[in-house]
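Data first, discussion second: the structure below is written as structure tokens.
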Amino acid sequence: MSIHGVWSSRFIISAIIQGAIITGLTISIVSIQILFSSKINIIQFLSLSFEGPAKWFFLGYIFYMILVVAIAVTATFYHHLEIDMGKSIRGFKSVLAWIHLVGMNVGGAATTLSMIFAGLIGSGILSVITSGAGISSSVSQLQPNVGIMVQFIPPISAFAGLLSIGVISGGVTYIATYLQKSDKLKL
């Protein structure tokens with residue numbers, strides 16, 4: 001038997017990819033901040049308007065970081081099943097594990113990225129960045145658009161549903177695999 005589990009490897013690779021995505025997002029936010037350093041302080045604008053739609057930006061960003069950690073921790077669960085306990089994930093459990101992997105990665109990432117984008121649009125900061133106006137005129141023009149946030153509720157809900165289906169499938173996979181007889185030969 002290999003010292004590497006198939007599913008633990010898949011989840012670790014996906015955690016690395018998701019980590020690279022959030023790192024790229026962070027670098028792009030910092031780069032935009034540097035490019036507009038003389039004109040606008042993006043994080044300051046967002047933090048000042050945290051009561052409104054801007055909180056979606058922060059929550060989406062924080063949830064994305066939590067998602068990366070959750071995917072990596074999930075890899076350790078699969079490692080425990082496959083390597084430490086010597087159990088294999090085959091057949092219907094393999095289908096459930098695929099649903100878990102896709103649901104967590106696609107549903108989780110799409111949910112959090114949609115929240116980030118909704119926060120940028122709803123807070124008005126995206127229009128300030130794209131207009132290229134100076135800070136003094138931007139402050140007077142910055143108006144949260146709570147009405148536009150309604151458009152983001154259905155896709156965020158759908159993506160959160162996909163995430164939930166993935167996590168539930170993973171839970172069923174884990175329990176079913178945990179309860180099966182071990183594939184390891186006892187010597």
Side-chain angles (χ1 to χ4, degrees), residues 1-29 46 50 52-123 148-184:
M1 177 170 252
S2 170
I3 60 167
H4 301 289
V6 173
W7 286 102
S8 58
S9 295
R10 288 176 181 156
F11 275 88
I12 250 334
I13 289 168
S14 69
I16 292 168
I17 292 169
Q18 294 292 357
I21 291 170
I22 192 69
T23 302
L25 179 65
T26 303
I27 290 170
S28 66
I29 291 169
L46 289 171
F50 188 71
K55 71 179 139 204
W56 286 43
F57 171 82
F58 288 109
L59 289 174
Y61 188 83
I62 290 166
F63 290 160
Y64 204 115
M65 290 189 290
I66 292 169
L67 175 71
V68 173
V69 173
I71 294 169
V73 168
T74 301
T76 62
F77 282 105
Y78 280 104
H79 176 84
H80 178 66
L81 287 174
E82 295 175 302
I83 304 304
D84 298 339
M85 295 182 73
K87 301 193 178 194
S88 61
I89 300 169
R90 294 183 297 229
F92 184 66
K93 290 183 292 187
S94 180
V95 171
L96 288 174
W98 274 112
I99 293 169
H100 185 198
L101 183 68
V102 172
M104 229 174 150
N105 283 279
V106 175
T111 299
T112 57
L113 290 173
S114 296
M115 289 175 71
I116 290 169
F117 191 63
L120 289 174
I121 290 178
S123 66
I148 201 164
M149 302 302 288
V150 174
Q151 298 175 8
F152 287 96
I153 293 172
I156 289 172
S157 299
F159 292 136
L162 178 60
L163 171 63
S164 299
I165 290 168
V167 170
I168 291 167
S169 296
V172 171
T173 304
Y174 188 83
I175 291 169
T177 306
Y178 185 83
L179 295 175
Q180 83 182 17
K181 290 185 179 183
S182 179
D183 293 339
K184 277 187 179 177

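- The two atoms that bring Phe152 and Ser114 nearest to each other are CD2-O, 4.1 Å, heavy atoms only.
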**OP:** List the steps and the verdict of side-chain contact (heavy atoms from CB on, under 4.5 Å) for Phe77 and Glu82.
**Re:** CA-CA 9 Å; Phe77 282 105; Glu82 295 175 302; over 6 Å; no
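- A side-chain donor-acceptor contact under 3.5 Å links Lys87 to the backbone of Tyr178.
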Subject >> Worked verdict on Tyr64 versus Thr111 for side chain to side chain donor-acceptor pair (under 3.5 Å) >> reply: CA-CA 9 Å; Tyr64 204 115; Thr111 299; over 6 Å; no
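- In this structure, Phe92 CZ and Ser94 OG are separated by 11.0 Å, a value rounded to the nearest 0.5 Å.
- Residues Gln18 and Ile71 share a closest heavy-atom pair of CG-CD1, 3.8 Å.
- Contact between Ser169 and Ile99 at its shortest, heavy atoms only, is OG-CG2, 3.2 Å.
- Considering every non-hydrogen atom in both Ala15 and Ala72, the closest pair reads CB-N, 3.8 Å.
- Atom CD1 in Ile89 sits 4.5 Å away from atom OG1 in Thr177 (nearest 0.5 Å).
- Closest non-hydrogen pair, His79 versus Ser8, comes out as N-CB, 3.5 Å.
- Taking CG of Leu81 as the start and OG1 of Thr76 as the end, the distance is 10.0 Å to the nearest 0.5 Å.
- Just one residue in the list Thr112, Leu113, Ile22, Ile66 forms a side chain to side chain contact (heavy atoms under 4.5 Å, CB included) with Tyr61, and that residue is Ile22.
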Original post:
After noting the C-alpha distance and the side-chain angles of Tyr78 and His100, does the key distance pass the side chain to side chain donor-acceptor pair (under 3.5 Å) rule?
Top reply: CA-CA 11 Å; Tyr78 280 104; His100 185 198; 2.9 Å; yes
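- Nearest heavy atoms, Leu101 versus Ser14: CD1-OG, 3.8 Å.
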**OP:** List the steps, then state whether side-chain contact (heavy atoms from CB on, under 4.5 Å) holds for Ile148 with Gln151.
**Re:** CA-CA 6 Å; Ile148 201 164; Gln151 298 175 8; 3.9 Å; yes
